[in-house]
Amino acid sequence: MNVFGVDIGGSGIKGAPVDLERGDLAEPRHKVLTPHPATPDGVAGCVAEVVEHFGWSGPVGVTFPGVVTGSTIRTAANVDKGWIGVDAPALLGERLSGMPITVLNDADAAGIAEMTFGAGRGRKGAVIMLTFGTGIGSALFTDGRLVPNTELGHLELDGHEAEKRASTKAKEDKDLSWEEWAHRVRKYLAHLEMLFSPELFIVGGGVSRKAEKFVPLLTDVRAEIVPAELQNNAGIVGGAMAAAAR
């Protein structure tokens with residue numbers, strides 16, 4: 001069974017049909033740049049462009065970088081603040097000719113995919129999925145059950161929001177070496193470990209493709225740390241899973 005997934009990020013919007021039996025993309029994903037400013041209308045147009053690229057008609061699961069309760073966007077840290085209060089499925093459905101739209105937090109979607117098909121499969125206890133990109137998304141699971149919309153990237157670290165210090169964007173903006181960035185990530189993980197005592201951290205986002213450069217540097221953390229098996233496709237897969245579950 002194939003269902004379409006779209007992952008809205010701070011720098012790119014990507015999507016593809018997903019084979020839900022395999023938990024993988026059924027076709028190579030299509031990506032467009034996130035508009036700046038990332039207004040609701042602008043982003044909706046890009047989502048429509050991604051979906052229409054495949055000639056898709058049917059349910060679509062869309063991930064959003066912020067808190068989503070019911071169908072309403074509650075926060076918008078890395079996109080335009082005009083999203084706050086928007087009924088996202090209604091907006092996107094208008095641009096996609098009335099296709100059924102499901103919207104959920106982007107890291108929650110990635111975590112759902114990893115817990116079902118990837119690095120978290122079969123794991124009990126507390127598991128935290130972290131997506132490193134423009135910001136830091138988080139998904140918290142207890143015995144496989146999601147605690148939605150945790151947004152742990154906004155916790156304070158060294159007097160700043162953690163994502164301002166330890167996101168991939170922070171690494172690029174400050175031209176940090178892998179060792180310098182890993183030091184910041186390690187402090188962040190230690191803070192999360194103090195708060196939640198997870199048994200496993202799953203590190204996702206685009207940087208997970210280069211896990212060998214930094215995961216071995218994340219020492220002095222008791223929890224196991226592994227890269228996301230679905231890498232940066234996890235959000236697309238999780239979005240499609242959420243749409244199929246509706």
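The figures that follow rest on heavy atoms only: side chains count, while hydrogens, waters and symmetry mates do not.
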Is there a path from [X] to [Y] through hydrophobic residues (I, L, V, M, F, W, Y) whose side chains come within less than 4.5 Å of each other?
X: L152; Y: L195; answer: yes
X: V221; Y: L200; answer: no
X: I101; Y: I236; answer: no

Just wondering, do [Y] and [X] contact through their side chains at under 4.5 Å, heavy atoms?
X: P65; Y: V79; answer: yes
X: V60; Y: V62; answer: yes
X: L104; Y: F64; answer: no
X: L155; Y: E161; answer: no

Counting only N and O atoms by type, is there a donor-acceptor contact under 3.5 Å from the side chain of [X] to the main-chain atoms of [Y]?
X: K164; Y: A170; value: no
X: S208; Y: G204; value: no
X: W83; Y: A38; value: yes

- Report the C-alpha separation of V226 and V203 in whole Å, then their side-chain angles, then the decisive distance to 0.1 Å, and conclude whether the side-chain contact (heavy atoms from CB on, under 4.5 Å) test is met. CA-CA 6 Å; V226 298; V203 179; over 6 Å; no
- Minimum heavy-atom separation for A109 to G239, with atom names? CB-N, 3.8 Å
- Any salt bridge between E151 and R74, counting N to O under 4.0 Å? no
- Is it true that K124 and D143 make a salt bridge, defined as a side-chain N closer than 4.0 Å to a carboxylate O? no
- Using the side chain to side chain donor-acceptor pair (under 3.5 Å) rule, take T150 and S138 through it: C-alpha gap first, then chi angles, then the decisive distance, then the call. CA-CA 6 Å; T150 48; S138 65; 2.8 Å; yes
- Query: I84: which other cluster members, linking ILVMFWY side chains closer than 4.5 Å, directly or transitively?
  - Reply: none
- Applying salt bridge (charged side-chain N to carboxylate O under 4.0 Å, His left out), run through E224 and R123 and close with a yes or a no. CA-CA 12 Å; E224 183 181 359; R123 296 296 295 255; 3.0 Å; yes
